[in-house]
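See below for the structure under consideration.
Values in this document were obtained by computation on a predicted structure and should not be read as measured data. The figures that follow rest on heavy atoms only: side chains count, while hydrogens, waters and symmetry mates do not.
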Amino acid sequence: MNINRFCLIFCVLFSVSTLAAAEGCPYPSAVCYVDGHFQGTGRNAKWESQQMGGLDYVEAFVGAIFIPREPGSRRNGYLEKCMYKTARGSIVALRYGLGEKALTMSLSETTYWQPGNEILGQAVFVCDDRQPDNCVFTVRRPKPLTGAQ
C-alpha cells in the first residue's frame, strides 16, 4: 500500500473517531461549586447544574437518565442529567455541554442502562450504578461544513 493511501485511510478513521466520542458522567471529585451553581468537566464537555443557593460540595454520584427520541431506542436520544448528592443532602443535576446544538447521543452497550419510566410516564433509560464510568454514552457531533459551494 503506498504511503498516500495509508495516510488517507488514517485521516478518515481519525476524523470519524473524533466525531463520535464516548463520555461518562464526571466523578464527584471533578464537580465543584462556582458562582452559584455546580460544574464539572468530562472528557469532551463541560457540565453545569441549575442555580443553587449555599456553598456545598458533591459527595456521591447517584445515577443518570437518558431520554430516547423513540421509546426503547438506545441509539438516538440525549442524556437528560447526571445526578449527585451533596454533603448536606441536596440533589444536584448536571447537564451535558450546555450551549452545544444538534448533538445526537446513544447509549453504550452495557447492562448498567435499564429501561424505566419518569414520573409522568415518559420512557427513559436509567443508570443507577454508583460508578460514573459505568453510565457511558456516545456523543455524535455534526460534521463541520467544509468549503463554500
Side-chain angles (χ1 to χ4, degrees), residues 10-149:
F10 177 79
C11 288
V12 168
L13 290 175
F14 180 75
S15 67
V16 169
S17 68
T18 58
L19 293 176
E23 283 284 333
C25 296
Y27 271 86
S29 60
V31 178
C32 43
Y33 187 79
V34 178
D35 295 329
H37 64 271
F38 287 90
Q39 64 184 25
T41 53
R43 294 178 194 123
N44 297 307
K46 186 175 183 178
W47 297 76
E48 285 189 3
S49 76
Q50 68 281 9
Q51 286 289 120
M52 298 188 75
L55 186 60
D56 203 352
Y57 69 93
V58 167
E59 187 174 66
F61 175 71
V62 176
I65 296 176
F66 177 85
I67 298 179
R69 292 189 201 255
E70 296 175 17
S73 172
R74 293 173 160 263
R75 296 187 148 283
N76 191 359
Y78 64 96
L79 187 79
E80 171 63 18
K81 58 190 166 191
C82 295
M83 296 172 294
Y84 300 82
K85 184 178 174 185
T86 68
R88 294 183 181 161
S90 297
I91 297 296
V92 173
L94 292 185
R95 290 191 163 68
Y96 181 88
L98 296 176
E100 288 197 58
K101 296 178 181 148
L103 294 176
T104 300
M105 299 179 182
S106 61
L107 295 179
S108 62
E109 294 299 324
T110 69
T111 58
Y112 297 104
W113 289 102
Q114 297 297 317
N117 289 307
E118 278 281 58
I119 196 163
L120 297 175
Q122 180 177 13
V124 297
F125 286 92
V126 177
C127 180
D128 60 3
D129 191 82
R130 297 297 182 240
Q131 290 289 23
D133 281 348
N134 290 335
C135 300
V136 178
F137 57 97
T138 301
V139 177
R140 287 184 179 73
R141 289 175 171 76
K143 292 180 184 179
L145 298 175
T146 56
Q149 295 181 339

Margin query: Can you confirm whether more than 12 heavy atoms, excluding those of Arg75, are under 6.0 Å from its CZ atom?
Written below: no
Check: Would Glu23 and Val136 count as a side chain to side chain contact (heavy atoms under 4.5 Å, CB included) if you check the C-alpha gap in whole Å, the side-chain angles of each, and the deciding distance to 0.1 Å?
Finding: CA-CA 6 Å; Glu23 283 284 333; Val136 178; over 6 Å; no
Margin query: Can a donor-acceptor pair be found, under 3.5 Å and without considering hydrogens, that links the side chain of Arg130 to the backbone of Asp128?
Written below: yes
Item checked: Val124 to Val126 - nearest heavy-atom pair and separation -> CG2-CG2, 3.9 Å
Note to self: Restricting to non-hydrogen atoms, name the atom on Phe125 and the atom on Ser73 that form the minimum distance, rounded to 0.1 Å.
What the structure shows: CE1-O, 3.6 Å
Margin query: Is it true that, when you exclude Gln51 itself, more than 12 heavy atoms of the residues, nucleotides or ligands shown sit nearer than 6.0 Å to its CD?
Written below: yes
Next item on the list: Starting at CG of Leu107, measure out to OG1 of Thr138 and round the result to the nearest 0.5 Å.
Entry: 8.5 Å
Next item on the list: Taking all non-hydrogen atoms of both residues into account, name the closest pair between Phe137 and Leu79 and its distance.
Entry: CE2-CD2, 3.5 Å
Margin query: If you compare all heavy atoms of Leu94 against all heavy atoms of Tyr84, which two are closest, and at what distance to 0.1 Å?
Written below: CD1-CE1, 3.6 Å
Note to self: Using a 3.5 Å distance criterion without hydrogens, assess whether the side chain of Gln114 forms a donor-acceptor pair with backbone atoms of Thr111.
What the structure shows: yes
Notebook entry, point to check: Just how far is it from atom OG of Ser106 to atom CG of Asn76, taken to the nearest 0.5 Å?
Noted result: 8.5 Å
Next item on the list: Flag the pair Asp133 / Tyr27 as yes when at least one side-chain heavy-atom distance between them is below 4.5 Å, and no otherwise.
Entry: yes
Item checked: Sulfur-sulfur distance Cys135/Cys127 under 2.5 Å -> yes
Check: Can you list the residues that meet the ring pair (Phe, Tyr, Trp, His ring centres under 6.0 Å) rule with Phe38, with sequence neighbours excluded?
Finding: Tyr33
Next item on the list: Please round to the nearest 0.5 Å and tell me the distance separating atom CE of Met83 and atom CD1 of Ile65.
Entry: 4.0 Å
Item checked: Cationic N near anionic O, under 4.0 Å, Arg88 to Glu59 -> no
Item checked: Minimum heavy-atom distance Pro132-Cys25, with the two atoms named -> CB-O, 3.1 Å
Next item on the list: Could you check Glu80, Glu48, Gln50 and say which one makes a side chain to side chain donor-acceptor pair (under 3.5 Å) with Arg95?
Entry: Glu80
Next item on the list: With the side chain counted from C-beta on, respond yes when Tyr96 and Trp47 share a heavy-atom pair under 4.5 Å apart, and no when they do not.
Entry: yes
Check: Name the one of Val58, Val62, Val92 that satisfies side chain to side chain contact (heavy atoms under 4.5 Å, CB included) with Lys85?
Finding: Val62
Checklist line | Residue pair Ala64 / Phe61: nearest heavy atoms and the distance that separates them | finding: N-CZ, 4.2 Å
